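Since the structure comes first, as C-alpha cells, the remarks are kept for the end.
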Amino acid sequence: MKKKSYRWHKLAESIGEFKVAGNGMCEVSVGGKSVCIVVHQDKVAACASKCPHAGGILSDGYVDSLGNMVCPLHRYKFSLVNGRNVSGEGYYLVTYPVEMRPDGIFIGFEENKGFIW
C-alpha cells in the first residue's frame with residue numbers, strides 16, 4: 001500500500017489562536033479550502049466545512065460526549081478520527097490530518113496525483 005503524501009499548511013501558532021464559539025468549533029479558510037476546526041479535550045481536529053448529507057454548516061453543530069461531530073441540520077454523527085458516519089446513515093465526512101508541532105499547528109491536504117493510466 002502506497003503511503004499518502006500531504007501538503008502541509010500552518011493553521012495557528014497555538015490552540016488559543018482559534019476563535020472557537022462555545023461549541024469549540026470555527027470555520028477557517030486555508031490552502032484554498034473552507035475547513036471546520038474542532039477543539040475538543042485540548043486536541044485539534046479538522047474536517048470539511050459542510051455535512052455530506054445536506055450541506056449543513058458543521059461549525060454550527062457540536063461535538064457529542066464521545067467526540068463525534070454532530071451536524072446541526074439532522075443530527076447525523078461523524079467520527080472526527082476517520083469521517084465515518086456513526087449514526088448509521090452511510091455518509092462519510094472528509095477529515096484532514098492535524099499535527100501539533102513545536103512551530104505551530106498544521107493541517108495536511110492529500111496531494112492529488114491525478115489519474116494514472
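Quick caveat, the model's predicted, so the values are computed rather than measured.
- Glu99 is linked by a salt bridge (Lys or Arg N to Asp or Glu O under 4.0 Å) to Arg101, counting only residues two or more places apart in sequence or in another chain.
- Residues in residues 14-35 take part in no salt bridge (Lys or Arg N to Asp or Glu O under 4.0 Å) pair, two or more places apart or across chains.
- Residues meeting the side chain to side chain contact (heavy atoms under 4.5 Å, CB included) test with Lys50, sequence neighbours left out: Ile57.
- Between the CZ atom of Phe78 and the CD atom of Glu89 there is a distance of 7.0 Å, given to the nearest 0.5 Å.
- Other residues, nucleotides and ligands place no more than 12 heavy atoms under 6.0 Å from the CG atom of Asp42.
- Residues Leu93 and Tyr96 are members of separate hydrophobic clusters, defined by side-chain heavy-atom contacts under 4.5 angstrom among Ile, Leu, Val, Met, Phe, Trp and Tyr.
- By the ring pair (Phe, Tyr, Trp, His ring centres under 6.0 Å) test, His9 pairs with Phe109, sequence neighbours left out.
- Legend: residues meeting side chain to side chain contact (heavy atoms under 4.5 Å, CB included) with Lys43, ordered by chain and number and at least two apart, are absent.
- Atom OG of Ser49 and atom CE of Met25 lie 12.5 Å apart (nearest 0.5 Å).
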Original post:
Can Cys47 and Cys36 be said to form a side-chain contact (heavy atoms from CB on, under 4.5 Å), step by step?
Top reply: CA-CA 5 Å; Cys47 63; Cys36 179; 3.8 Å; yes
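- Taking Arg75 as the reference, nothing meets the salt bridge (Lys or Arg N to Asp or Glu O under 4.0 Å) condition, with sequence neighbours excluded.
- Partners of Glu13 under the side-chain hydrogen bond (donor to acceptor under 3.5 Å, both in side chains) rule, at least two apart in sequence or in another chain, are Lys10.
- Under the 4.5 Å side-chain heavy-atom criterion for grouping Ile, Leu, Val, Met, Phe, Trp and Tyr, Val38 is not connected to Ile107 through any hydrophobic cluster.
- The minimum heavy-atom distance between Cys71 and Cys51, with the atom names listed, is SG-CB, 3.6 Å.
- Applying the side chain to side chain contact (heavy atoms under 4.5 Å, CB included) criterion to Ala21, with sequence neighbours excluded, gives Asn23.
- When every heavy atom of Pro97 is checked against every heavy atom of Trp8, the shortest pair comes out as O-CZ3, 3.8 Å.
- Taking Tyr92 as the reference, nothing meets the ring pair (Phe, Tyr, Trp, His ring centres under 6.0 Å) condition, with sequence neighbours excluded.
- Residues satisfying the side chain to side chain contact (heavy atoms under 4.5 Å, CB included) criterion with Val44, sequence neighbours excluded, are Ile15, Phe18, Ile37, Val39, Val98, Ile105.
- Here Glu110 pairs with nothing under the side-chain hydrogen bond (donor to acceptor under 3.5 Å, both in side chains) rule; sequence neighbours left out.
- Linking Ile, Leu, Val, Met, Phe, Trp and Tyr residues whenever their side-chain heavy atoms come within less than 4.5 Å places Leu11 and Met100 in a single cluster.
- Hydrophobic clustering (side-chain heavy atoms under 4.5 Å, transitive across Ile, Leu, Val, Met, Phe, Trp, Tyr) groups Leu58 together with Tyr91.
- Listed by chain and residue number, Lys77 satisfy the salt bridge (Lys or Arg N to Asp or Glu O under 4.0 Å) test with Asp64 (two or more places apart in sequence, or in another chain).
- Note on Val30: it does not cluster hydrophobically with Phe106, by side-chain heavy-atom contacts below 4.5 Å among ILVMFWY residues.
- Going from atom CZ of Arg84 over to atom OG of Ser79 covers 8.5 Å, rounded to the nearest 0.5 Å.
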